[in-house]
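Predicted model, so just to flag it, every value in this text is computed and none were measured. Lettering follows sequence order; numbering is per chain, from 1.
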There are 2 protein chains.
Amino acid sequence: MKQKVTLKQIAKELDVSISTVSKALKDSVEISLDTRQKVKAFAKLYNYKPNNIALSLKNRKTKTIGVIIPEIVHHFFTTVIGGVEKVANEKGYNVIICSSNNSFDKEVINMEMLASGSADGFILSVAKETQLKKDYHHIEETMSQGMPVVLFDRIIDEIVCDKVIIDDAKGAQTATNHLLSIGCKKIAILTTVDYISVGKLRTNGYLRALRAYDIPEKEEYILKIEDIDNCESEIKEFLKDKDIDAIFAVNELFAVTAAKVLDEHGKKVPDDVAIIGFTDGILSKHFIPSLTTISQHGEDMGIRAAKLLIDKLEGDEAVTEEYRTVIIDTNLIHRQSTKKNKE
Amino acid sequence: MKQKVTLKQIAKELDVSISTVSKALKDSVEISLDTRQKVKAFAKLYNYKPNNIALSLKNRKTKTIGVIIPEIVHHFFTTVIGGVEKVANEKGYNVIICSSNNSFDKEVINMEMLASGSADGFILSVAKETQLKKDYHHIEETMSQGMPVVLFDRIIDEIVCDKVIIDDAKGAQTATNHLLSIGCKKIAILTTVDYISVGKLRTNGYLRALRAYDIPEKEEYILKIEDIDNCESEIKEFLKDKDIDAIFAVNELFAVTAAKVLDEHGKKVPDDVAIIGFTDGILSKHFIPSLTTISQHGEDMGIRAAKLLIDKLEGDEAVTEEYRTVIIDTNLIHRQSTKKNKE
DNA sequence: GAACCTTACGCAAACGTTTGCGTGTGGAAA
DNA sequence: TTTCCACACGCAAACGTTTGCGTAAGGTTC
């Protein structure tokens, strides 16, 4: 089994020095044309590829971006990654993806691992547990070692760095407004517990929209779901005999689960109850009825995040000291789940 | 801005040699207890972490697994990655994920990039284009340089290496049998073009099942979809006025799209037409009606693939020379889309 | 033939580690 | 006082690169 060929081996075979080989491959004028050609031919023959590790060590940078997300099996996050990869590949960067699995410890471990030489900077959406614990030492430590961090989606206000977010409250308000505009009056919200930043913001947007329409908020219309994986039972309980004409769900899963429960109760979507979701994933698109939703433009978020990071990585000191927060526009995607006949 | 602290800096501060620091941190008996404690205290204070890059260079291994998949925004592939990560983390490996986007060129580029120092071995599902082109030089080259490769799902028969697959034909046969067993006689299949290995295998399984039941295969019941992203129009055209009582779809998207088209035609699933899919993703689970399907156990595939790879990486020569093909069991998940009333 | 200039290459340091071996210091034994 | 032995530490090489600088060989100029 062949081993990877190095400069040293080529040098030995051709009876020249390592530096000659290195320079020849780079077409340095220091080396005679003859030698250059010989070396290059030999290198091609043996399929020489410079060793990235050695280059990283020498250059003190890895040309690699570390991405840490709470879940890997998650449509929104993968679209973001898609965007990151796009930009990264264009600019000659590699992407390492790690999932924290919503665990604080795993987030810390992954971050430390990547920070100790494997990546030049981070794109990060923090784990649920991290938001709960409010322990951000690993992020601060990483930044204090000179590695830029870009936070996206689930961000942390207390940390000063580049951020890419959507205006969750505004998106939620738009969603709720849409329900109001088609004549719904009794609008329930299925949301997460408050320590999830985006959940709280979306709840706020919902409340804001109601207030703007002078509709009193009702405790009984708000369900804050704790255990996302078992949301069905909570939603079932919540929806039982509830007199509502619309539901705003802060994510796809809540939306389709609600649809399912309504279906079981013999209620029709959208005629009896309209539904609007958040995040334009495959579920919303392919569900029957297809779900009206707020698109988060995950790929754009990834693109912007990657650009911010690479700017920091390649920028001079001036750029480095200035932090930006990019807000990605959301927009309402009209589908069947909010098409009232009375409209 | 602090920079990352190195052994050299600690050594200078403490006025000892680099090797003393290194040994002290490793609790070498060569170093006096006093010095050891001093060094360790200092290292902790400055949050010293050994530089992975330097270690990789020295050890000639990176403790990193490269995973290349055709698509990142894809439920099945992400579940596989989840499995890989699980095992990798347990064994102290890092995981780098790259997507080829189903492009041959990107697959080659990613592979070469990772092969030149960033990863010790690969877990790979080949791009559609690669299957079409039948050009596998990059994989062969990587293997000939001593880096183990594990192929999964979309594998290549011609390449001799470890593989993790499901028995696609058998799974398809099981699916078709199920349809037959509930009384369906006119079973259509929505499949991919033949150069996609898994698609072809599933088509074969379908045909095998029909033959076993002595049902003649009909050309008009078979749709080979070329452009997956625009499958809806093809399916619509195909299903128009077709007299069938069941559909076997080789993936989720085809299954739900068929359901949607049927819905538009006023046909009921499962009463008029039963549907069975392949791959147990979120769509199948949450669709109304929920879809009966063949589970591929993506996470298990990832786990097995990672284990095979790590065995190769850490094994001695004996293990290295022997290649295994692991076949993961599929199983039928009964849901509503095949619950005939007549049953 | 001396002085000088090109040309074409090699040396060595550096990136941050690890580790086998060499060595200076001190104390104990003879 | 000499010899010897632990003990505690430093040296240097190695992993694979890149690159500034030094230098030998050969040619040109006067």
Integer-rounded Å distance: [N] [atom2] and [X] [atom1]:
X	N	atom1	atom2	value
A:L57	D:dA14	CG	P	17 Å
B:I53	D:dA14	CD1	C1'	17 Å
B:D27	C:dT18	CG	P	13 Å
A:K4	D:dC15	NZ	C1'	12 Å
A:Q9	D:dC15	CD	C1'	12 Å

Would you mind listing every salt bridge (Lys or Arg N to Asp or Glu O under 4.0 Å) that reaches into residues 115-131 of chain A, with sequence neighbours excluded?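 The answer is none; no pair qualifies.
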For residues 298-309 of chain B, pull every pair meeting salt bridge (Lys or Arg N to Asp or Glu O under 4.0 Å), keeping only residues two or more places apart or in separate chains.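 Qualifying pairs, neighbours excluded: B:K86-B:E299.
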Which pairs, with at least one residue in residues 51-61 of chain A and sequence neighbours excluded, count as a side-chain hydrogen bond (donor to acceptor under 3.5 Å, both in side chains)?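 Listed once each, the pairs are A:N52-B:S116.
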Please work out if B:S56 contacts a base, only the sugar-phosphate, or nothing of the nucleic acid, heavy-atom cut-off 4.0 Å.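 No contact.
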Which is true for B:S28 with a 4.0 Å heavy-atom rule: it touches a base, it touches only sugar-phosphate, or it touches nothing?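 Answer is nothing: B:S28 stays at 4.0 Å or more from every strand.
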Does A:Y48 have any ring-ring contact (aromatic ring centres under 6.0 Å, His included) partners at least two apart in sequence or in another chain, and if so, which?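 If we apply the ring-ring contact (aromatic ring centres under 6.0 Å, His included) test to A:Y48, skipping adjacent residues, there are no hits.
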Output all residues satisfying ring-ring contact (aromatic ring centres under 6.0 Å, His included) with B:F42, sequence neighbours left out; order by chain, then residue number.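 B:F42 satisfies ring-ring contact (aromatic ring centres under 6.0 Å, His included) with B:Y46 once adjacent residues are dropped.
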To the side chain of B:N51, which of D:dA8, C:dT17, D:dT18 is closest?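 Of the options given, the side chain of B:N51 lies nearest C:dT17.
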Quick check on D:dA14: is either OP1 or OP2 less than 4.0 Å from any side-chain nitrogen or oxygen of B:R60?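 Checking D:dA14 against B:R60, no side-chain N or O comes under 4.0 Å of OP1 or OP2.
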Would you please confirm or rule out a distance under 4.0 Å between OP1 or OP2 of D:dC15 and any side-chain N or O of A:T6?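 For A:T6, the contact criterion (side-chain N or O under 4.0 Å from OP1 or OP2 of D:dC15) is not met.
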Contact nearer the 5' end of DNA chain D, comparing B:V29 with B:N59: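 Nearest nucleotide further toward 5': that of B:V29.
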Collect all protein-nucleotide pairs involving nucleotides 19-22 of chain C in which both atoms are nitrogen or oxygen and the distance is under 3.5 Å.
| unit_1 | atom_1 | unit_2 | atom_2 | d |
| --- | --- | --- | --- | --- |
| C:dG20 | O6 | B:K23 | NZ | 2.7 |
| C:dC21 | N4 | B:E30 | OE2 | 2.8 |

